[in-house]
Amino acid sequence: MICQNCLKNAASVHVTEIVEPVKMGDGTDDAQKRTVQEQHLCELCAQTMDLPNMSAGKKSMTEVWKLLQISAQQTRKKGGPVCSSCGMSLEEFRKKGRLGCAKDYEVFVNHIGELLERVHGARTHKGRIPATDPSAAPQVFDPVGTLRQRLEAAIREEAYESAARLRDEIKALETKTHD
């Protein structure tokens with residue numbers, strides 16, 4: 001098909017326009033039915049006409065990058081929890097890196113976990129306890145992990161009575177933490 005405007009190039013843009021009937025002041029239609037108008041244009045003629053939904057052409061990488069940054073900023077600003085006590089928003093917490101009140105720990109619990117995981121590689125403390133006995137540290141932070149290690153040692157040593165007792169302690173601790 002050839003372009004209807006220049007009558008030279010091949011038509012690659014096809015425009016279909018549906019024109020609704022015009023309502024008169026008295027409620028009657030000026031035209032009784034919809035009309036459909038079709039145009040078949042080449043790329044050059046379509047660009048010269050001010051058609052809706054025409055692609056804006058190719059964008060440079062810097063323009064695309066700017067659009068992505070604007071989109072990311074708008075996404076960050078759109079939502080997130082806000083503390084009812086101090087009024088701190090998620091965006092404000094991310095900017096400051098500090099919480100405003102004690103209730104913020106509950107409000108931003110998921111985001112604090114993500115932050116800890118990103119910074120430290122884990123959501124739970126796995127390190128030492130300052131100024132304490134190093135042998136007591138694992139029991140304070142991870143009693144179940146310590147009991148599991150003792151259970152494995154008891155099984156290796158074939159101390160099955162101790163292993164059964166340790167198994168029961170682990171189950172009791174796990175049910176207590178899930179409640």
Side-chain angles (χ1 to χ4, degrees), residues 15-23 27 34 47 50-156 159-179:
V15 180
T16 304
E17 185 176 4
I18 302 171
V19 180
E20 294 291 329
V22 179
K23 300 276 186 191
R34 296 183 199 171
Q47 287 178 354
D50 192 25
L51 297 175
N53 299 328
M54 278 298 293
S55 62
K58 295 188 178 188
K59 299 212 179 287
S60 69
M61 287 301 287
T62 55
E63 291 173 328
V64 172
W65 182 249
K66 286 178 185 176
L67 289 172
L68 286 172
Q69 286 178 324
I70 291 168
S71 174
Q73 287 173 352
Q74 289 173 347
T75 303
R76 275 189 228 123
K77 289 180 182 178
K78 278 185 183 174
V82 176
C83 180
S84 60
S85 294
C86 67
M88 178 173 274
S89 66
L90 178 60
E91 183 183 3
E92 189 178 354
F93 165 61
R94 286 182 172 157
K95 281 183 183 175
K96 289 183 177 181
R98 287 180 284 162
L99 298 172
C101 70
K103 187 169 173 138
D104 287 347
Y105 287 96
E106 296 170 19
V107 174
F108 302 116
V109 66
N110 295 330
H111 304 283
I112 293 170
E114 291 170 9
L115 176 70
L116 288 173
E117 198 165 8
R118 192 171 60 240
V119 172
H120 297 291
R123 289 182 179 238
T124 56
H125 188 295
K126 300 286 184 186
R128 299 180 335 157
I129 302 173
T132 60
D133 181 16
S135 64
Q139 294 173 348
V140 172
F141 286 110
D142 191 15
V144 175
T146 303
L147 289 174
R148 283 197 176 123
Q149 289 175 351
R150 290 176 49 199
L151 173 65
E152 289 173 16
I155 292 171
R156 269 185 267 127
Y160 298 115
E161 292 173 4
S162 299
R165 184 180 46 76
L166 290 168
R167 179 202 60 209
D168 295 340
E169 285 182 47
I170 291 170
K171 282 184 182 179
L173 281 173
E174 286 177 339
T175 56
K176 188 189 301 183
T177 57
H178 292 311
D179 290 340

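Bear in mind that the values here come from a model prediction, so they are computed numbers and not experimental data.
For the pair V82 and G87, the tightest heavy-atom approach, listed with the atom from each and the gap, is CG1-O, 3.7 Å. Closest approach of P81 and H111 over heavy atoms only: CD-NE2, 3.9 Å. The two residues K103 and S85 come nearest to each other via the heavy atoms CD-OG, 3.3 Å. Heavy atoms only, all atoms of each residue included: F93 and R98 are closest at CD1-O, 3.6 Å. Contact record, C86 with C101: SG-SG, 3.8 Å, taken as the closest heavy-atom pair.
One distance of note links CD1 of I155 with CZ of R167; it measures 9.5 Å at 0.5 Å rounding. Between the CE atom of M61 and the CG atom of L68 there is a distance of 8.5 Å, given to the nearest 0.5 Å. Remark: C83 SG to L90 CG distance equals 12.0 Å, nearest 0.5 Å. Once rounded to the nearest 0.5 Å, the distance linking OG1 of T175 with NZ of K171 reads 10.0 Å. Remark: I170 CD1 to L151 CG distance equals 5.0 Å, nearest 0.5 Å.
Scanning for side chain to side chain contact (heavy atoms under 4.5 Å, CB included) contacts around Q149 gives an empty result, with sequence neighbours left out. Not a single salt bridge (Lys or Arg N to Asp or Glu O under 4.0 Å) links E106 to another residue, sequence neighbours left out.
The closest donor-acceptor contact from the side chain of D168 to the backbone of R165 lies at 3.5 Å or more, if one exists at all.
Two residues are said to be in side-chain contact when any heavy atoms from C-beta on lie closer than 4.5 Å; V144 and R148 meet this criterion. Residues L99 and F108 meet the side-chain proximity criterion, which asks for heavy atoms closer than 4.5 Å.
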